[in-house]
Amino acid sequence: MNVNGKSYRTIWPAVHSSDTICIIDQRQLPHNFVIEELTNLEMAWRAIRDMHVRGAGLIGATAGFAMHLAALEAQEKTFTADLEAAGKYLNDSRPTARNLGWAVDRILQAAAGVDTVPEKRRIIYATACRIADEDAGFCRKVGEHGRAILKKISARKNGDPVNILTHCNAGWLAFVDYGSATAPIYAARDAGINVHVWVDETRPWNQGAKLTAWELQQEGIPNTLITDNAGGHLMQTGKVDVVIVGTDRTTHTGDVANKIGTYLKALAAKDNNIPFYVALPSSTFDWNLDNGRDIPIEIRSGEEITRVSGVTDAGTSESVWIAGRDTIAENYAFDITPARLVTGLITERGIVEANRESIHALFDDMQRQGDHHDISPPI
Ligand code: MRU
C-alpha cells in the first residue's frame, strides 16, 4: 500500500542480500517512517515481542523470516534441534496471534521434507517468502469478498457514504499488504463506493490512533478518530452502518480473539442491530481449540496503561505518566467475542457463518491435529 505515494509491503528481504530482512518500525508511526533491518533471530524475536511489527499476519510473516535467519545461524551438526529451539523461542514472543505458530510449524514441516542442510536452508527461505506472498494474496481476496457487503449497504443508502467502524489496526500494517478489516474498504474505494471509517483509538497502545488513521490517510480514505468508548453512542445514533474488525486467533467454532474492547463493540452492535463482521485469512484459524475461552490471552506491561507516549510540538518523542506512579495496572491485550455475536467471517474463500459446520464446509481441506474435546462450556 501507499506511503507518501510510494508502494510498500510491511516486510521484505533486502535487495542487497536475502540474509537481511527489512521491516517498518511501527513504534515510530505516524510521526516517523523508519525502515529497520533484521539480521539475526534475536533481532527478529525482539521485533515481534516489542511490537516493531505487530498484527496477526505480519507476526506470522516475520516469524517465517525469523526462522530463515535462525537457519542461517544454526550449526550443521545440530541443525534440526537448533531450528526447533528457535521455533519454541519465537512461539513464546506473542502468545495470542495464531499466525505465529502456524508459520513456525510450516517452516519446520518444509525443512523436514528435504535431507541436506543447504537444501533445508533453501526451502526455509522459499517457504518464508511464500508465507509473505500468500498473506498478501489472502488479504486481497478478503477484500474482494468483503466489498460485496459494502456495495449492498451503499446501494441501500443511494450512494451516501457507508460508515464502517473498526477497532485497533487490522490494516495493511497488521499484514504483509491490504490488511483484513481494511481490505474490503480499499476494494470498495477502488470500485467507486463512498466509504467513511470510524477509527477507535484503541487504548492502551493506540494502534487505531497511531496506525489505522495514518494508513487510511495515506490511502486517501475518509476517516475520523474516536475514543474507544464512543462506538456505542455512534451506533445508537445511526452513525454506523457496519462494524468490521480483524482477529488474532479464531477458533474453528467461530469464537474470535481480537484487541481488547472488541467484545464490547460486538455487544453494542448486537443491541443496535448493526452487522458485525470479522475479516481474516485462513492462517488465523485455530483448528485445535473448540472454545474461545481456551485461547491464551496476552497480558502486557501495566506501564502501557499508566504511561503514554507521543511527540511534542518540537518533534521530540516523549513518554509521560498519566496515572500516579504507584498505580497498579493490569493490561489484558485481547478479549474473546463469542461466535453468537458475529454476523459473518470474511475469509479469502468467501463469507461464512461463525460456526463449526459452516467453517468446516468452506475449509474442508484444512487439517486438524490432536484431540478435540470440548473442555469448557460455551463462552
Ligand atoms: O497487539 P497487536 O497490535 O499485535 O494486536 C493485533 C491487532 O492489531 C488487532 O487485534 C487486530 O485487530 C487483529 S490482528 C490482524
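All figures in this text were calculated on a predicted structure; none of them were measured in a lab. Side chains included, hydrogens not; waters and symmetry mates left out as well; all remaining heavy atoms used. Positions are given from 1, in the same order as the sequence printed here.
There is no side-chain donor-acceptor pair under 3.5 Å between N288 and H252. With no hydrogens or angles considered, no side-chain donor-acceptor pair links T96 and D248 at under 3.5 Å.
The CZ atom of R94 sits 5.0 Å away from atom CZ of R300, with the distance rounded to the nearest 0.5 Å. Between L58 atom CG and F175 atom CZ the span is 9.0 Å, to the nearest 0.5 Å. Considering SG of C129 and CZ of F65, their distance stands at 4.5 Å, rounded to 0.5 Å. Rounding to the nearest 0.5 Å places OG of S154 at 8.5 Å from CG of D160. Here the straight-line distance linking atom CZ of R122 with atom CD1 of I124 works out to 11.5 Å at 0.5 Å rounding. With values rounded to the nearest 0.5 angstrom, D190 atom CG is found 12.0 Å from I185 atom CD1.
For I328, the CD1 atom counts as loosely surrounded, since its 6.0 Å shell holds 12 or fewer non-hydrogen atoms of other residues, nucleotides or ligands. Heavy-atom contacts from other residues, nucleotides or ligands closer than 6.0 Å to CG of N273 number 12 or fewer. No more than 12 heavy atoms of other residues, nucleotides or ligands sit less than 6.0 Å from atom NE2 of H233. No more than 12 heavy-atom neighbours from other residues, nucleotides or ligands sit within 6.0 angstrom of CD on E353.
Taking 4.0 Å as the cut-off between side-chain N and carboxylate O, E134 and R106 count as a salt-bridged pair.
Side-chain contact between T10 and T62 is absent, with no heavy atoms from C-beta onward closer than 4.5 Å. A heavy-atom distance below 4.5 Å is not found between the side chains of W12 and I21. Here the side chains of I24 and L29 are in contact, with some heavy-atom distance below 4.5 Å. Here the side chains of E330 and Y332 are in contact, with some heavy-atom distance below 4.5 Å. Side-chain contact check for S282 versus E348: some heavy-atom pair is nearer than 4.5 Å.
Taking the ring centroids of Y178 and Y186, they lie at or beyond the 6.0 Å cut-off.
No donor-acceptor pair under 3.5 Å is formed between the side chain of N206 and the backbone N or O of A209. At least one donor-acceptor pair under 3.5 Å links the side chain of T166 to the backbone N or O of I244. Judged by distance alone, with hydrogens and angles left aside, the side-chain atoms of R203 form a donor-acceptor pair with the main-chain N or O of I305 at under 3.5 Å. Within the 3.5 Å criterion, the main-chain N or O of D115 finds a donor-acceptor partner in the side chain of E119. The backbone N or O of D294 sits nowhere less than 3.5 Å from a side-chain atom of N291 that would complete a donor-acceptor pair. When atom types are taken as modelled, the side chain of E215 and the backbone of L173 share a donor-acceptor pair closer than 3.5 angstrom. No side-chain donor-acceptor contact under 3.5 Å links D135 to the backbone of D133. Distance alone, capped at 3.5 Å, places no donor-acceptor pair between the N272 side chain and the I274 backbone. The closest donor-acceptor contact from the side chain of T127 to the backbone of I123 lies under 3.5 Å. No donor-acceptor distance shorter than 3.5 angstrom exists from the side chain of D177 to the backbone of R9, with no hydrogens or angles considered.
Checked against side-chain contact (heavy atoms from CB on, under 4.5 Å), T343 has the following partners two or more places apart in sequence or in another chain: P275, F276, Y277. Every ring pair (Phe, Tyr, Trp, His ring centres under 6.0 Å) that H68 has, sequence neighbours left out, goes to Y125. Taking E144 as the reference, R140 meet the salt bridge (charged side-chain N to carboxylate O under 4.0 Å, His left out) condition, with sequence neighbours excluded. For the side-chain hydrogen bond (donor to acceptor under 3.5 Å, both in side chains) test, no residue two or more places apart in sequence or in another chain qualifies with R130. Residues satisfying the salt bridge (charged side-chain N to carboxylate O under 4.0 Å, His left out) criterion with R54, sequence neighbours excluded, are absent altogether. For D19, there are no salt bridge (charged side-chain N to carboxylate O under 4.0 Å, His left out) partners two or more places apart in sequence or in a different chain. Listed by chain and residue number, W198 satisfy the ring pair (Phe, Tyr, Trp, His ring centres under 6.0 Å) test with H196 (two or more places apart in sequence, or in another chain). With sequence neighbours left out, T80 forms a side-chain hydrogen bond (donor to acceptor under 3.5 Å, both in side chains) with no residue at all. Residues that satisfy the side-chain contact (heavy atoms from CB on, under 4.5 Å) test with A74, not counting sequence neighbours, are F79, D82.
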Between Y89 and E42, is a side-chain hydrogen bond (donor to acceptor under 3.5 Å, both in side chains) present by the stated rule, with each step listed? CA-CA 10 Å; Y89 181 53; E42 181 65 20; 2.6 Å; yes

With side-chain hydrogen bond (donor to acceptor under 3.5 Å, both in side chains) as the test, would you mind laying out the steps for T212 and Q207 before giving the verdict? CA-CA 7 Å; T212 306; Q207 290 95 327; over 6 Å; no

Decide side chain to side chain contact (heavy atoms under 4.5 Å, CB included) for W172 and V3; before the verdict, give the C-alpha distance in whole Å, the side-chain angles of both, and the deciding distance to 0.1 Å. CA-CA 11 Å; W172 75 272; V3 179; 3.7 Å; yes

After noting the C-alpha distance and the side-chain angles of D365 and R349, does the key distance pass the salt bridge (charged side-chain N to carboxylate O under 4.0 Å, His left out) rule? CA-CA 12 Å; D365 54 329; R349 292 194 188 171; 2.9 Å; yes

Decide side-chain hydrogen bond (donor to acceptor under 3.5 Å, both in side chains) for H52 and Q26; before the verdict, give the C-alpha distance in whole Å, the side-chain angles of both, and the deciding distance to 0.1 Å. CA-CA 5 Å; H52 309 204; Q26 300 194 15; over 6 Å; no

Candidate pair R307 and S319, rule side-chain hydrogen bond (donor to acceptor under 3.5 Å, both in side chains), full reasoning: CA-CA 7 Å; R307 299 179 67 94; S319 167; 3.0 Å; yes

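For the side-chain contact (heavy atoms from CB on, under 4.5 Å) with T247, the lone residue among V256, D255, T262 that qualifies is V256. Evaluated for a side-chain hydrogen bond (donor to acceptor under 3.5 Å, both in side chains) with S309, the options R27, E304, K210 yield exactly one hit, K210.
Among residues at least two apart or in separate chains, salt bridge (Lys or Arg N to Asp or Glu O under 4.0 Å) pairs with a member in residues 230-246 are K157-D241. For residues 218-231, every residue pair satisfying the salt bridge (Lys or Arg N to Asp or Glu O under 4.0 Å) rule, not counting sequence neighbours, is listed here: R189-E219.
In terms of heavy-atom proximity, T284 sits nearest to A56 at OG1-CB, 4.3 Å.
Alongside L267, the hydrophobic cluster contains Y263, L264, L341 (criterion: ILVMFWY side chains under 4.5 Å).
If you chain together hydrophobic residues whose side chains sit under 4.5 Å apart, V176 and L280 never meet in one group. By the rule that hydrophobic residues join a cluster once side-chain heavy atoms approach within less than 4.5 Å of another member, I193 and I153 end up as members of one cluster.
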